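Input: a single structure, listed below in structure tokens.
Hydrogens, waters and symmetry mates play no part in the numbers below; they use all other heavy atoms, side chains included. Computed from a predicted model, the values in this text were never measured in an experiment. Labels below follow one simple rule: chain letters A, B, ... track the order of the sequence lines, proteins then strands, and each chain is numbered from 1.
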Amino acid sequence: MLYSPTAHVLRLTAQSDANMDRIIKPYILKRTLDQNQGPKLSLDYAKELNAQQYAAVTAVDGPALVIAGAGSGKTRTLVHRVAYLIESGVDPSHILLLTFTRKSAEEMLERVGALIGSRSQRVCGGTFHSVANMLLRRYGRVLGIEPGFTIMDRGDAEDLIALLRVQLGLNEKDKRFPRKGTIAEIYSKCENTLRGLEEVVLDEFSHFADHLEALGKLQRAYQLAKRQRQLLDYDDLLVLLREVLTKDEQTRLTISQQFRYILVDEYQDTNRLQAELIRKLATTHDNVTVVGDDSQSIYAFRGATFRNIMEFPSWFPGATIYKLEENYRSTQPILSLANEIIQEAPEKYTKHLFTRKLDGPLPALVEAAGEHAQSRFVAQKILELREEGVPLNEIAILVRSSFHSFDLEIELSRCGLPFVKRGGIKFIEAAHVKDLLAHLRVVVNPQDAVSWHRVLMLVEGVGPKKAQDLVAAMVRMTNPYQVLRSSSGRSGKGLSALADVLENLTVSDDLSPTEQVNRVYEYYLPILKDHHDDYPKRIRDLDHLHTIAESYPGLTEFLADLALAPPDGSASEVEPVGRDDEQVVLSTIHSAKGLEWQCVFVLWVVDGKFPSVFSFNSDEELEEERRLMYVAVTRAKRHLFLTYPINVYDKSSGMLLSKPSRFLDHVSPQVFETLALIEEGHGHDWGRGYDRYI
DNA sequence: AGGTCTGAATTTTTT
DNA sequence: ATTCAGACCT
């Protein structure tokens, strides 16, 4: 049927990397047209999938591009393809599944497991960063990278940059120098978009063009400091893996032979660097299946480009393109709006989503007199929906930026509506969590200057200068603890106490991570109480950390995992998930990617907020905002409310915002209905908030 | 000289 | 809420 009679290679096994010298002869079995004579399939793929999905799942070897519209069963297709490959005789350990988050990799593999059983466990799945981490620990030696290297998260990278900036004396200039966060952003952009510093600065940070020279100097210092200390930031994981694949022919072949089938999810959100990695990983076979939706590319700020998905066919000549256009999520009225919004985009793979769910309420565009009126509308409507039987966890409120929901959060609490917030401050980024982890890190990697600095600054009487001197001395010595003890002055006592704790952890390496967390915790607790008035809440976070540590055999694994896959949930809401775990979801649109709800509210659909004024200058950024709107709208299954407050003064631009998002300008009027909010009676007291609207 | 404290200025989205 | 510079204290 959909088979082409291309030869299909059955793998005669190659278990591990130890086999690289052994000669493995492929024996080619011709693929037959009759499925009955092929490998025994336990699943009836044709029945479980629609025709488009089936074609993509059973695609033969070679590059394939699957354009999967929103809600078209993208994950389902990917999961079935993995299952299909395994059932066709591909060794699971030869399959590499790259996803956007580690969580989605886990979920997918779990679903594969549900289809075909435990064989799925040997599939290698994860994010680009986690796979790079794994490969570098094994093959990094060819570049002088020890397997015990430390991964720096964004915060660590910023701290190191700040440190070097002071050392180079760059902060005493009269002109304003970019802050550490901005500098890290610039450097990251360079790596991820494969552009030089000058190009990036002139292009996107032209107001800092004066500092180009200084930024270059600092960048070189940063690179050097990382290499010397065995520190890798997120970008290094990818950059260095590429270097391994480029410089070491043998390793490239070994790895490419290891992963003979590569599947990539969310391809529209990959950057140039990642595209190159895939190109190199697949050098020996071109068995690459990428899945994505160019209309949902929303990570350009992080260096991603939807050009990757547009240009895939030229990177992998002969690629077959499959399109999934049947939407299983939303009703037709919602899809009609979504289709009209994206229709205006100048560049895209043309596709037209359709659904069999023809009936449903029209999406509503709601004008509110101000931010608070908007909040009251949402809260009131949610109460109504709950009355109608919509469970709270089927309701989501999406915003462009996380602070857009501040006012609403207050209103929801006031109405007694429970909610969870996704995509705020991460657990792992909380200062106290980082403090505790820093202690563990110096134990694993005594070269880790950034963590040392953090640890030392917590000791009473130690400031930037002393910390720096100590770190410099410790890196030279074989026994860092000796340095701490021999330090004189006011901080002497604190430093030797620190040395005692850390040395204990180092010497007795048979301790479990849990026990090690415990010891540091005891030492750190007084410091925590001293620094933060709200320490009881923070203690709960540390307990959480303690629990996480239980599932790890060693510190190295624990720390690496934590840097790459931060547990979600913000620091403070540790709450034992209310009586019934029904909670409204409050989320940024970015962290709502791939999710769906019965009912979705999109807040601040006002021109100037969404699209934000920052994007007005460039067409590219505006188009990104449009796609973001498309993503937001297509999260809804049945109910959709777009709300916009009017007469809002925007400080940053000095504009009065009063018009709905420009993305709705060309949408036909019959596609949505318009609601105007009217106060019950003549109530001026908005604070009360139980007035009626129509 | 170096550490600590205060006050002023700045905020999109995040693996 | 966080970062950074400058004043003030040891």
Side-chain angles (χ1 to χ4, degrees), chain A residues 98-105 126-133 151-155 157-159 161-162 165-166 170-174 176-185 188-189 191-192 233-235 237-238 265-266 269-271 273-274 297-304 398-406 422-426 428-431 456-457 459-469 489-491 530-532 534 562-566 568 571-572 587-593 604 608-615 621 624-625 627-629 631-632 650-652:
Chain A
L98 291 166
T99 55
F100 198 69
T101 65
R102 236 184 113 226
K103 205 168 131 209
S104 69
T127 61
F128 279 87
H129 292 97
S130 65
V131 171
N133 171 42
I151 299 170
M152 294 193 291
D153 68 15
R154 181 56 172 269
E158 288 179 7
D159 290 345
I161 287 170
R165 180 179 53 185
V166 176
L170 297 173
N171 54 342
E172 294 178 48
K173 290 272 156 67
D174 26 303
R176 201 169 92 247
F177 201 70
R179 29 177 69 205
K180 61 179 183 179
T182 314
I183 302 172
E185 195 182 331
S188 182
K189 264 256 166 79
E191 306 292 2
N192 285 298
D233 65 23
Y234 285 145
D235 301 325
L237 290 171
L238 305 184
D265 191 17
E266 310 278 15
D269 286 320
T270 54
N271 58 45
L273 180 54
Q274 292 167 322
S297 171
I298 54 175
Y299 279 88
F301 66 89
R302 204 168 87 186
L398 305 184
V399 288
R400 172 72 185 83
S401 318
S402 57
F403 70 89
H404 285 165
S405 65
F406 285 170
R422 299 180 53 114
I425 315 113
K426 293 275 180 38
I428 199 78
E429 285 159 9
L456 293 172
M457 290 284 283
V459 177
E460 218 177 306
V462 178
K465 186 61 169 51
K466 185 134 203 173
Q468 214 171 298
D469 293 346
R490 205 73 76 260
S491 51
D530 199 45
H531 277 76
H532 306 278
D534 57 348
L562 227 46
L564 289 172
D568 42 30
S572 41
S587 172
T588 60
I589 297 169
H590 284 89
S591 18
K593 187 163 84 158
W604 288 107
K609 291 280 187 190
F610 195 177
S612 104
V613 282
F614 298 115
S615 67
E621 284 176 65
E624 172 116 340
E625 299 275 312
R627 295 190 293 264
L628 204 51
M629 179 70 82
V631 170
D650 182 68
K651 268 185 295 192
S652 58

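Across all strands shown, A/F100 has heavy atoms under 4.0 Å from sugar-phosphate atoms exclusively, and none from any base. The residue A/G181 sits apart from the nucleic acid: no heavy atom pair falls under 4.0 Å. Residue A/T127 is classed as a sugar-phosphate contact, given heavy-atom separations below 4.0 Å to backbone atoms only.
Regarding A/Q274, its CD atom lies at a distance of 8 Å from the C1' atom of B/dT15, rounded to whole Å. At whole-Å resolution of the value, CD1 in A/I298 and P in B/dT13 are 13 Å apart. Between A/E185 atom CD and B/dT15 atom C1' there is a gap of 14 Å when expressed in whole angstrom units. Between the CD atom of A/E158 and the P atom of C/dT3 there is a distance of 8 Å, given to the nearest Å. In this structure, NZ of A/K103 is placed 14 Å from C1' of B/dT15, rounded to the nearest angstrom. Atom CG in A/D469 sits roughly 14 Å away from atom P in B/dA1 (whole-Å rounding). Atom CG of A/L237 is separated from atom P of B/dT15 by 15 Å (rounded to the nearest Å). Rounded to whole Å, atom C1' of B/dT11 lies 11 Å from atom NZ of A/K609.
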Under-3.5 Å N/O pairs linking protein and nucleotides 7-10 of chain C:
none

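The two residues A/I298 and A/D269 make their nearest non-hydrogen contact at N-OD1, 3.0 Å.
Classification of the A/Y299-A/F100 ring pair by plane angle, with boundaries at 30° and 60°, yields tilted. By the 30° and 60° cut-offs, the orientation of the rings of A/W604 relative to A/H404 is tilted.
Side-chain N/O atoms of A/R165 include one lying less than 4.0 angstrom from OP1 or OP2 on C/dC4. In terms of phosphate contacts, A/S591 brings a side-chain nitrogen or oxygen within less than 4.0 Å of OP1 or OP2 of B/dT14. A/T588 has a side-chain polar atom (N or O) that falls below the 4.0 Å cut-off from OP1 or OP2 of B/dT14.
Using a distance-only test at 3.5 Å, with no hydrogens or angles considered, a donor-acceptor pair links the side chain of A/Q274 to the main chain of A/N271.
For A/K465, whose side chain is taken as the heavy atoms from C-beta onward, the closest listed nucleotide among B/dT13, B/dG2, C/dC4 is B/dG2. Each of B/dT15, B/dG3, C/dT3 was ranked by its minimum atom distance to the side chain of A/R179; first place goes to C/dT3. In the set B/dT14, B/dG2, C/dC4, the nucleotide with an atom closest to the side chain of A/H590 is B/dT14. Taking the side chain of A/H129 as heavy atoms from C-beta on, and the options B/dT13, B/dG3, B/dT15, the nearest nucleotide is B/dT15. Listed nucleotides: B/dT15, B/dG3, B/dT13. Nearest to the side chain of A/R154: B/dT15.
When each of A/E621 and A/A467 is assigned the nucleotide of DNA chain B bearing its nearest heavy atom, the one mapping closer to the 5' terminus is A/A467. Sequence order on DNA chain B of the closest nucleotides to A/G463 and A/D235 puts A/G463 first from the 5' end.
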Test side chain to side chain contact (heavy atoms under 4.5 Å, CB included) applied to A/I589 and A/F610, step by step: CA-CA 11 Å; A/I589 297 169; A/F610 195 177; 3.4 Å; yes
Before giving the answer on salt bridge (charged side-chain N to carboxylate O under 4.0 Å, His left out), spell out for A/E185 and A/K189 the whole-Å C-alpha distance, their side-chain angles and the decisive distance to 0.1 Å. CA-CA 6 Å; A/E185 195 182 331; A/K189 264 256 166 79; 5.0 Å; no
Would A/L628 and A/H590 satisfy side chain to side chain contact (heavy atoms under 4.5 Å, CB included), going step by step from the backbone distance to the final call? CA-CA 8 Å; A/L628 204 51; A/H590 284 89; 3.8 Å; yes
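For the pair A/F128 and B/dT15, the ring geometry does not qualify as stacking, because the centroid separation below 5.5 Å and plane angle under 30° are not jointly satisfied.
A/D153 is linked by a salt bridge (Lys or Arg N to Asp or Glu O under 4.0 Å) to A/K434, counting only residues two or more places apart in sequence or in another chain.
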